[in-house]
Structure formats: C-alpha cells, structure tokens
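A short write-up of the structure that comes next.
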Amino acid sequence: MLHRKRYVGFAEIAFWVCLASALTLALLPPPPHFREFGDKAQHMLAFGTLAFLGTFAFPAFPKTRLAERLSFLGALVEVLQSIPSLHRDCDIQDWIADTIAIVAVLALLHAMNLPRRARQAERRFP
C-alpha cells in the first residue's frame, strides 16, 4: 500500500507542476520558441503529458471526466490567449490538437490496461 501511495503522490505533484508550467508558458506574452517543435506539437506534448500524469495521479477519477476537464482547460487556454495584451493567438486548431492528444494518450493507456494492472499487482503483492 505504501508503494502505491508513493507513486500516486509523486504523480500528483508532477501533474500539478506540469499543469502550472503549461499554463504559465501558454499565457506568457512573448510565445516561447522551440525550434524542434511546432505550435501544435507543443500543445499535444503538454496535454498528452497532463493526461498521462492525471491517469496515475487520480486513479479513481473516471477517465472520460479527466478527458473532458483537460479538453475544457485547453479551450480555456485558447480563450485566455485571445486577450490582446498577451499578444497571443486564439486558434481552435490548438484546442483540437489538445483534445486529440488527450484522447490518444488515454486510449493508449486503456488499451495497455496500465492503471488497472498496477492495482491488480498491488492486491497480489501487498
């Protein structure tokens, strides 16, 4: 039980740190430029990571609701980026990229049966 609490606690901390970082980067006035990634790839990486960490940070939370909340957060970021003083662009395609990444990561984790497999292993090996 202690092992599970430890990884859930770590995943929770990592989730909130990644969420704060993603929101900060998304709302900074000058957009950060990474030459290796395009804008859509940055969105997909951020929200895919949040979906992955959210699955392990909140194992009892329904995955459909996690997808809904993260997708809503992506839409909210786009609305906030339309604030003129931020000098950012509101783009619905960014929100679509966020949602695709969220659904893809959650579907992959569901197909791999990862969170359930971790719970079952814990029951077998206390």
Side-chain angles (χ1 to χ4, degrees):
M1 185 72 170
L2 182 61
H3 177 65
R4 177 176 157 85
K5 283 183 183 178
R6 192 175 305 163
Y7 95 81
V8 168
F10 174 75
E12 273 189 61
I13 291 169
F15 175 83
W16 292 113
V17 167
C18 286
L19 179 67
S21 300
L23 288 176
T24 301
L25 289 172
L27 299 177
L28 283 175
H33 293 286
F34 299 106
R35 295 176 190 228
E36 296 87 26
F37 299 115
D39 184 48
K40 303 295 180 273
Q42 290 176 17
H43 277 266
M44 293 181 88
L45 180 64
F47 280 87
T49 302
L50 287 171
F52 179 81
L53 291 173
T55 299
F56 292 99
F58 313 107
F61 199 68
K63 303 311 170 240
T64 54
R65 189 160 295 159
L66 178 64
E68 170 195 11
R69 303 283 166 87
L70 288 175
S71 180
F72 177 75
L73 177 67
L76 182 62
V77 165
E78 292 308 314
V79 169
L80 291 174
Q81 284 183 343
S82 69
I83 297 172
S85 63
L86 292 179
H87 304 289
R88 301 293 298 258
D89 294 325
C90 176
D91 186 2
I92 194 168
Q93 291 178 350
D94 289 343
W95 172 66
I96 292 169
D98 298 341
T99 304
I100 288 171
I102 293 163
V103 170
V105 167
L106 292 178
L108 181 64
L109 289 175
H110 180 75
M112 293 173 61
N113 207 12
L114 280 182
R116 187 178 306 153
R117 207 181 286 167
R119 286 192 300 265
Q120 289 171 348
E122 180 182 298
R123 285 186 211 135
R124 280 185 270 151
F125 304 107

How close do K63 and F58 get, heavy atom to heavy atom, and via which atoms?
NZ-O, 3.6 Å
Are L106 and I100 in one and the same hydrophobic cluster, where Ile, Leu, Val, Met, Phe, Trp and Tyr link if side-chain heavy atoms are under 4.5 Å apart?
no
ILVMFWY network linking L76 to I92, side-chain heavy atoms under 4.5 angstrom:
no
In terms of hydrophobic clusters joined by side-chain contacts under 4.5 Å, are L73 and F15 together?
yes
Donor-acceptor pair, D89 side chain versus D91 backbone, under 3.5 Å?
no
Quiz: residues 16-29 side-chain donor-acceptor pairs under 3.5 angstrom, not counting sequence neighbours:
residue, atom, partner, partner atom, Å
S21, OG, V17, O, 2.8
T24, OG1, A20, O, 2.7

On a heavy-atom basis, which atom in A51 and which in V105 lie closest, and how many Å separate them?
CB-CG1, 4.0 Å
Would you say that more than 12 heavy atoms from the other residues, nucleotides or ligands in this model lie under 6.0 Å from the CZ of F61, or not?
yes
CE of M44 to CG of D98, rounded to nearest 0.5 Å, is 8.5 Å
Under 3.5 Å: donor-acceptor pair, side chain of S71, backbone of E68:
no
Give the cluster check for I96 versus V103: same hydrophobic cluster or not, with ILVMFWY residues linked at side-chain heavy-atom distances below 4.5 Å.
no
I'd like to know if the side chain of E78 and the backbone of C90 have a donor-acceptor N/O pair within less than 3.5 Å.
no
Between F47 and H43, what is the ring plane arrangement, given parallel below 30°, perpendicular above 60°, and tilted in between?
parallel
Using the rule that Ile, Leu, Val, Met, Phe, Trp and Tyr join whenever any side-chain heavy atoms are under 4.5 Å apart, tell me whether I102 and F52 fall into a single cluster.
yes
